[in-house]
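Quick caveat, the model's predicted, so the values are computed rather than measured. Proteins get letters first, then strands, A, B, ... in listed order; numbering begins at 1 in each.
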Amino acid sequence: MADELVPQHADPALASAKAEVDELTSRILGLRDAYYERDEVLVSDADYDAMMRRLEALEQQYPELQSQDSPTLSVGGRAATLFDPVRHAERMLSLDNVFSLDDFSAWATKVERDSGRNVDFLCELKIDGLAINLRYENGRLVSAATRGDGVVGEDVTENVRYIEGIPARLEGSGHPPLVEVRGEIFFPVESFRALNAEQAAAGERVFANPRNAASGSLRQKAEGKNEAGLDLMHRRLSRLRMLVHGLGAWENPPVTTQSEIYAVLASWGLPTSRHFRVARSSAEAVDFIEYYGEHRDSVEHEIDGIVIKVDELALHAELGATSRAPRWAIAYKYPPEQVNTKLLDIVVSVGRTGRATPFAVMEPARVAGSVVRQATLHNQDVVKAKGILIGDTVVLRKAGDVIPEVLGPVLELRDGTEREFVMPTTCPECGTPLAPAKEGDIDLRCPNARSCPAQVRGRVEHVGSRGALDVEGLGEVSAAALTQPLVPELPPLTTEAGLFELTLADLFPIEVVVRDSETGLPKLLDDGSLKVETPFRRNRQKRDGEFDPTRVAPAPSAPGSAAAPTASSVISGPAFAGDADSVPSSQAIALITNLELAKTKELWRILVSLSIRHVGPVAARALASYFGSLDAIRAATRDELAAVDGVGTIIADALLDWFEVDWHQEIIRRWADAGVQFSTPGHPGPGAAAATDGPLAGLTVVATGSLDGFTREGAVEAIIAAGGKSASSVSKKTDFVAAGPGAGSKLTKAEELGVRIIDAAQFAVLLKGGPTALD
DNA sequence: CACCCTCGAGTTCA
DNA sequence: CTCGAGGGTG
């Protein structure tokens, strides 16, 4: 869907914010002009400050709205006092922005109407860097200046001389005696990563993004530096690059189009971009926009949009310019991949393994198409390394367009009220002192595995998860409901030991406090009492006659599982039909039914659901197929366990340790008593895994994306059933990558490594007949 | 000791 | 889906 590749800004809040930003910008610039040029004071300082603060706030919320001549960028004149001012020979205009394809098309239509004919559009990448004006006199570079406010910029000539690719002297001939060239200075993404790695290693501040790095590098001052400092400064400058994209006034140019101008610039030895195209229609321009929306990462620099210019120079004069921007060009801005937002707090959560993980709680912010309010910070060292303080404005992005990540603070916006994050010494859920699992570990853990509510809740949820017993109806919400105390009684589950003993009567009384999805605070009723829900019971329907539990359809039974219990078999025995007013909800019946189904699932799934350290689906499969039963695993020695392929001494120790613990033994006993099957029927007993044969013997296959005819799980099962190895990541050892639509980085990796990629149909053929069937 | 792999965690969407 | 951490293997 095109909308997804290039999300539309249908957001009305954005549109009104843009109007306000434009209004504020022009008013403030007008006031400044009056003040600096004519010594007129038109508003009070307080009003002026209020306008600036409002503009800053808006730009912080919507960074894409910040124009290059925004007054917030030159506030305080800090940079202007460091570098000498330079007056540009010709005003450097900025570009108007559009934020949706519809708005772009509207602009193109208007341009064609005003021109009275079809128009060719020159499309190029909008580099996220610093606008620079180079002045050449008689072919020699005499001045390089930042954009500044468009009229006066800062003189950075000496620094620019160290940038590779900017000629001190123009090549060829035919250039006017005085010519101004416009371009963008940027930090290539690769160099930026290297720079930040070096900065971090040296304990220096890291830059939030390549643009900041470019700006910081270009604005370095030589004064007061010793030899080593100068050397460092020059090395950093030499990593910068520039691409030129425009030319100041040129009387009677020998060309008629903008694209020809680029050829001329290149012939003078100036660096021009390879990524441009002349579009014969606005539809072709849209193709260009969409293409680079998907391939933003394939370019050496960051891009924040696409610039579309009318190609024909004669039309530039005809269309003219407003006071701020030309009418013959527009910038299409992609939704930002990075935004600024406020770090409200750093909170620590405890997972099922007891690991204490700090995460950032932020003011909700839109990034790459969704609203984010939390992001993991991994551990206290990462918090420190990022240098963020609670209360900071932070840079937020989505790694791989999915996972929210806090990059770092915006140091300029600190006001002194920020405070450092202190890692708690006790578990935020149960108060037990946190400690590393072993000497030297960075991660802190809550050692109260048995009764820490967070860990019990996490483990119960884990049992229901897809990689374990895959119990429909046992997710985050039910796990929390089952493990929360029923004031004043104990919760239905104090550990996972009782999970398979649950009955409808146990679920029936559970009440859950309803929380506001925005604030996370409990909702209150009008009388001030807590609003609660009863997810496992609902009011008896009076009119529709009696409740008939057998009419509630059970979840579809897993293929191959014999004699799936039905809803009626769950209810039978000491039937439970609720009380006078209410009956079990369909959720309650589904949960009990699906737990019943889970008892006879494959041994490896049972193993995974025990939450033994390091025993995930892969190790569990290896153990299950080798030993065939939990008893055999329990009876095995350390060496016998470690003999299993994929299991080493550490996992062996983890298993032995796990079986030692008495409440773990209780889990096994009670699960077994409740009917959980801890063995694979028909398994011959411990021994080498059956020699793998089948069409895929000896082959490693990775499935990614949505493969027609397979679920994710199903594809994995099919690979194993065919005698192959199903891996979760692509490496040199991978033989095939079966990729469907929606495949992401794994597909890229496969292309990089030259691993053979097949589609769903070929995958099916491969499963049946092996690799030879493909050719 | 590299490499490659798996585990575990957090997050967001339809 | 991606990352860091840490295990297993050659």
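Across all strands, A:His614 comes closer than 4.0 Å only to sugar-phosphate atoms, never to a base (heavy-atom distances).
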Name each donor-acceptor pair under 3.5 Å that joins a side chain in residues 714-722 of chain A to protein atoms two or more places apart or in another chain, with its distance.
| from | atom 1 | to | atom 2 | distance (Å) |
| --- | --- | --- | --- | --- |
| A:Glu717 | OE1 | A:Arg621 | NH2 | 3.3 |
| A:Glu717 | OE2 | A:Arg621 | NH2 | 2.6 |

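Among the nucleotides B:dC7, C:dA5, B:dT12, the one closest to any side-chain atom of A:Asn379 is C:dA5. Closest to the A:Ile651 side chain, of the nucleotides B:dA9, B:dT11, C:dG8, is C:dG8. Closest approach to the A:Ile650 side chain among B:dT6, C:dG8, B:dT11 is made by C:dG8 (side chain taken as heavy atoms from C-beta onward). Of the candidates B:dG10, B:dA9, B:dC7, the closest approach to any side-chain atom of A:Ala619 belongs to B:dC7.
A straight line from CZ of A:Arg638 to P of C:dG8 spans 10 Å, rounded to a whole angstrom. Nucleotide B:dA9 holds its C1' atom 12 Å from the NE2 atom of A:His462, rounded to whole Å. Between the CG atom of A:Asp653 and the P atom of C:dG6 there is a distance of 16 Å, given to the nearest Å. When rounded to the nearest whole Å, the span between CD of A:Gln380 and C1' of B:dA9 equals 15 Å. When rounded to the nearest whole Å, the span between CG of A:Leu444 and P of B:dA9 equals 14 Å. Atom-to-atom, CG of A:Asp657 to P of C:dG7 comes out at 13 Å; the value is rounded to the nearest Å. Between A:Arg466 atom CZ and B:dT11 atom P there is a gap of 19 Å when expressed in whole angstrom units. Rounded to an integer number of Å, the gap from CZ of A:Arg373 to P of B:dT11 is 12 Å.
For A:Thr357 and B:dG10, the shortest distance from a side-chain N or O to OP1 or OP2 is below 4.0 Å. The side chain of A:Ser349 contributes no N or O atom lying less than 4.0 Å from OP1 or OP2 of B:dA9.
In this structure, A:His664 contributes its side chain and A:Trp658 its backbone to a donor-acceptor pair below 3.5 Å.
Residue-environment remark: CD (A:Gln665) exceeds the threshold of 12 foreign heavy atoms within 6.0 Å.
Between the side chains of A:Arg445 and A:Thr353, a donor-acceptor pair is found at a separation under 3.5 Å.
Summary of the strand contacts: A:Val372 and A:Arg352 both lie near DNA chain B, and taking for each the nucleotide with the nearest heavy atom, the more 5' one is attributed to A:Arg352.
Among pairs with a residue in residues 448-466 of chain A, those fulfilling salt bridge (charged side-chain N to carboxylate O under 4.0 Å, His left out) read A:Glu429-A:Arg457, A:Arg459-A:Glu496, at least two apart in sequence or across chains.
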